[in-house]
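These notes concern the structure reproduced below.
Every chain is numbered from 1, with letters handed out A, B, ... down the list of sequences.
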Protein chains: 2
Amino acid sequence: MPTDPAPTRIQKKNRAAILEAALNVFSAQGFRGATVDQIAAEAGLSKPNLLYYFPSKEAMHNALLEALLDTWLDPLRALDEDGDPLEEILAYIRRKLQMSRDFPRESRLFANEIVQGAPRIHAALSQDLKALVDDKVTLLRGWMAAGRIAPVHPYHLIFSIWALTQHYADFDTQVRAVLGEEDPFDGAEAFIDTLYRRLLHPPG
Amino acid sequence: MPTDPAPTRIQKKNRAAILEAALNVFSAQGFRGATVDQIAAEAGLSKPNLLYYFPSKEAMHNALLEALLDTWLDPLRALDEDGDPLEEILAYIRRKLQMSRDFPRESRLFANEIVQGAPRIHAALSQDLKALVDDKVTLLRGWMAAGRIAPVHPYHLIFSIWALTQHYADFDTQVRAVLGEEDPFDGAEAFIDTLYRRLLHPPG
DNA sequence: GAATGATTTGACCAACTGGTCAAAGTCACG
DNA sequence: CGTGACTTTGACCAGTTGGTCAAATCATTC
């Protein structure tokens, strides 16, 4: 079976420009709301030119989702069995919040997809994502059983971390409308840190 | 200035059917993803008939958002100065979680709108919503100053409640993909209750 | 039951959208 | 250079979409 030929300099540059533009447009408008023309304008290329590099609008979307899903789960993957449990979890939360701050477009891309029922990534959720979460839940249960963190529902613990951290990227508009000038992330980090310290502080 | 004529029986029935159908479609597909034909099919009416009752697709969307924004804030409005602080907040959280369980379509309608930058309700967010939150923040600060709940950033306290409770409606697909059979809301209620009891338990 | 206004719809339209294609332009390499 | 592969694009197309309109049907009231 033949391997794909190495991409040329131009291919590399244009594929990257298209994905960057597509991320802007898809994250702001959702899949259906985005148009190929918009992405082309944003990338500084013509519409037929985009379709020379990607066979369809959906292919652009898929390329983004696939590339990002992996990165998105890195913070959870890095949760380390051998570290101090509470500090490990707090470090995970900080990584996750940092991703909301640094990659809000990526967060919103997923949010758009999942709010609308995840039609394109349902398989990845109930396979890769579930497997990873199940694995980390086992780890959390071990820590709880050993009395090293307070016992709570481990799945909801993870959901709550996702909810709290991603809220600041996905609902940024609302947060800023209410907060005014204040930087949301400064206060959020301290608040969330306190929240989980009090929740998980080992009993006794 | 002339008042609108009273709606006929047929008007009442059809307007309600259209809004119900529109809520289904908009919440599942977003504004741009929804089509008037879809809404018409869902409502069991013809497309021109919909446009007899509402001047445009956008008018249907606005009608939904306006009617819902008010309802959506009721749980927060009901936060009572004269009750026991911790129990008031926990009751607010239960009301909010109940709305995620009972009205997930409404939650997703807002989520779609806000994730995409709230183009149609930005004014309401930075006026009505902000005013209400500011008011309740004053109340929370009073409770904290009096030592009746632990002092935390009051805005982020409210954001965290929104994030945690709405997560179960907006990201339902993801939650269920990870949890499998288990009912998300059963575990969520107990978990969130514990979370805020430990966070807000009065110091000393 | 006739008149009047409310309701419904089939046929239609212009704008938009994703995608195609042949021809033209550009690049890399011998 | 020249040549073959890679890249770009203007023109185009078919399907979809929000919305219009005149004509038809229905409900209500006298």
Contact nearer the 5' end of DNA chain D, comparing B:I10 with B:F31: B:F31
Note, B:F103 side chain near B:W72 side chain (heavy atom, < 4.5 Å): yes
Protein-nucleotide distance ([X], atom [atom1]; [N], atom [atom2]), rounded to Å:
X	N	atom1	atom2	result
A:K13	D:dC6	NZ	P	17 Å
B:N49	C:dA11	CG	P	17 Å
A:Q38	C:dA15	CD	P	19 Å
A:N14	C:dC27	CG	C1'	13 Å
B:F26	D:dG18	CZ	C1'	11 Å
B:E58	D:dG19	CD	P	8 Å
A:D37	C:dA15	CG	C1'	13 Å
A:L50	C:dT17	CG	P	14 Å

Any donor-acceptor N or O pair under 3.5 Å, side chains A:D80, A:Y92: no
Residue pair B:D102 / B:Q98, side-chain donor-acceptor N/O under 3.5 Å: yes
Options [options], nucleotide nearest the side-chain atoms of [X]:
X	options	value
B:R32	D:dT9, D:dT17, C:dT17	C:dT17
A:P48	D:dC21, C:dG19, C:dC21	C:dC21
A:Y52	D:dC21, D:dT8, D:dG18	D:dT8
A:L51	C:dG19, C:dT17, C:dT9	C:dG19
B:Q11	D:dA11, C:dT17, C:dA6	C:dA6

C:dG18 base / A:K47 side chain donor-acceptor hit below 3.5 Å: yes
Test of ring centre spacing under 6.0 Å for A:Y168 and B:H156: yes
Aromatic contact, B:H153 with A:F191 (centres under 6.0 Å):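 Ring centroids of B:H153 and A:F191 are no less than 6.0 Å from each other.
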Touch class at under 4.0 angstrom, heavy-atom based, for B:A34 against every strand present: sugar-phosphate
Sugar-phosphate only, base, or nothing, as touched by B:Y53 at under 4.0 Å among non-hydrogen atoms: sugar-phosphate
5′-ward residue of the pair B:L45/A:P55 relative to DNA chain C: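 Mapping each residue to its closest nucleotide by heavy atoms, the 5'-most match is B:L45.
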